[in-house]
Amino acid sequence: MGMMEWTTGQEVASRSPDEYALCQVSAVTFLPTSCGVRDLPGCTLFTLPPEIDLSNTAPLLAAVTAAVHARGGRLAMLVLDLTGTRFMDSQGARLVDDVRRLLGGTPLRVAASPHGVPRRVLDLTGVRRDVPVYDDVPEALSA
């Protein structure tokens with residue numbers, strides 16, 4: 001049996017089908033799912049998906065950026081809802097920090113379950129020092 005050989009998509013495209021037999025892997029783009037944007041009195045609530053990692057942080061940041069720009073100077077406060085997020089790695093903490101920078105002086109609040117993974121990631125990465133984190137959405141909205 002021959003040695004396994006890894007190739008790029010471009011190399012694969014230039015070969016005949018007989019030159020490779022095992023498998024072909026294509027790039028997959030993951031889009032944010034289960035996101036929602038709601039305008040509430042005095043703020044905008046952005047609900048984030050159940051999982052946040054390297055596969056979806058760029059589209060999520062783009063979606064938040066679009067929501068912020070669509071509101072122009074009318075955005076008084078942004079609340080990121082992580083209460084339905086079950087998994088988040090350090091890329092999620094980076095997302096929150098990138099949103100904080102995007103907003104400049106506009107207040108940002110995060111709602112994250114007290115015993116959930118996102119809350120722990122925000123604690124461990126130190127993002128919580130710069131962004132207030134509340135136990136649920138009503139608490140974040142009323143603080």
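Index from 1, following the sequence.
What you find for Val127 and Ala93 is that their closest heavy atoms are CG2-O, 3.7 Å. Across all their heavy atoms, Arg128 and Val133 have their closest contact at CG-CG2, 3.4 Å. Contact record, Ala112 with Leu82: CB-CB, 4.2 Å, taken as the closest heavy-atom pair. Closest heavy-atom contact between Ala76 and Pro107: O-CD, 3.1 Å. For the pair Leu75 and Thr106, the tightest heavy-atom approach, listed with the atom from each and the gap, is O-CG2, 3.6 Å.
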**OP:** Under the salt bridge (Lys or Arg N to Asp or Glu O under 4.0 Å) rule, what do Arg74 and Asp39 come out as? Steps first, then yes or no, please.
**Re:** CA-CA 11 Å; Arg74 300 177 292 118; Asp39 286 315; 5.5 Å; no
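With values rounded to the nearest 0.5 angstrom, Leu61 atom CG is found 7.0 Å from Leu102 atom CG. Put simply, SG on Cys43 and CG on Leu78 are 8.0 Å apart, with the number rounded to the nearest 0.5 Å. The distance from the CG atom of Leu60 to the CZ atom of Phe46 is 6.5 Å, given to the nearest 0.5 Å. Note: Asp130 CG to Thr125 OG1 = 9.5 Å, rounded to the nearest 0.5 Å.
Cluster annotation: Leu122 is not connected to Val79 through the hydrophobic network of ILVMFWY side chains, with a link wherever side-chain heavy atoms come within less than 4.5 Å. Met77 and Val64 are members of different hydrophobic clusters when ILVMFWY side chains are connected at heavy-atom separations under 4.5 Å. Under the 4.5 Å side-chain heavy-atom criterion for Ile, Leu, Val, Met, Phe, Trp and Tyr, Val131 and Leu141 are members of distinct hydrophobic clusters. Ile52 and Leu45 are assigned to two separate hydrophobic clusters, defined by single-linkage of ILVMFWY side chains at heavy-atom distances under 4.5 Å. Hydrophobic clustering, with ILVMFWY side chains joined whenever heavy atoms are under 4.5 angstrom apart, keeps Leu95 apart from Leu54.
Within the structure, the side chain to side chain donor-acceptor pair (under 3.5 Å) test picks out the following pairs touching residues 131-143 (sequence neighbours left out): Arg119-Asp135. For the side chain to side chain donor-acceptor pair (under 3.5 Å) condition, the pairs that include at least one residue of residues 77-96, sequence neighbours left out, are Asp81-Thr83.
The pair Arg120-Asp123 fails the salt-bridge criterion, with no side-chain N (NZ, NE, NH1 or NH2) lying under 4.0 Å from an Asp/Glu carboxylate O.
One N or O on the side chain of Asn56 and one on the backbone of Glu51 form a donor-acceptor pair closer than 3.5 Å.
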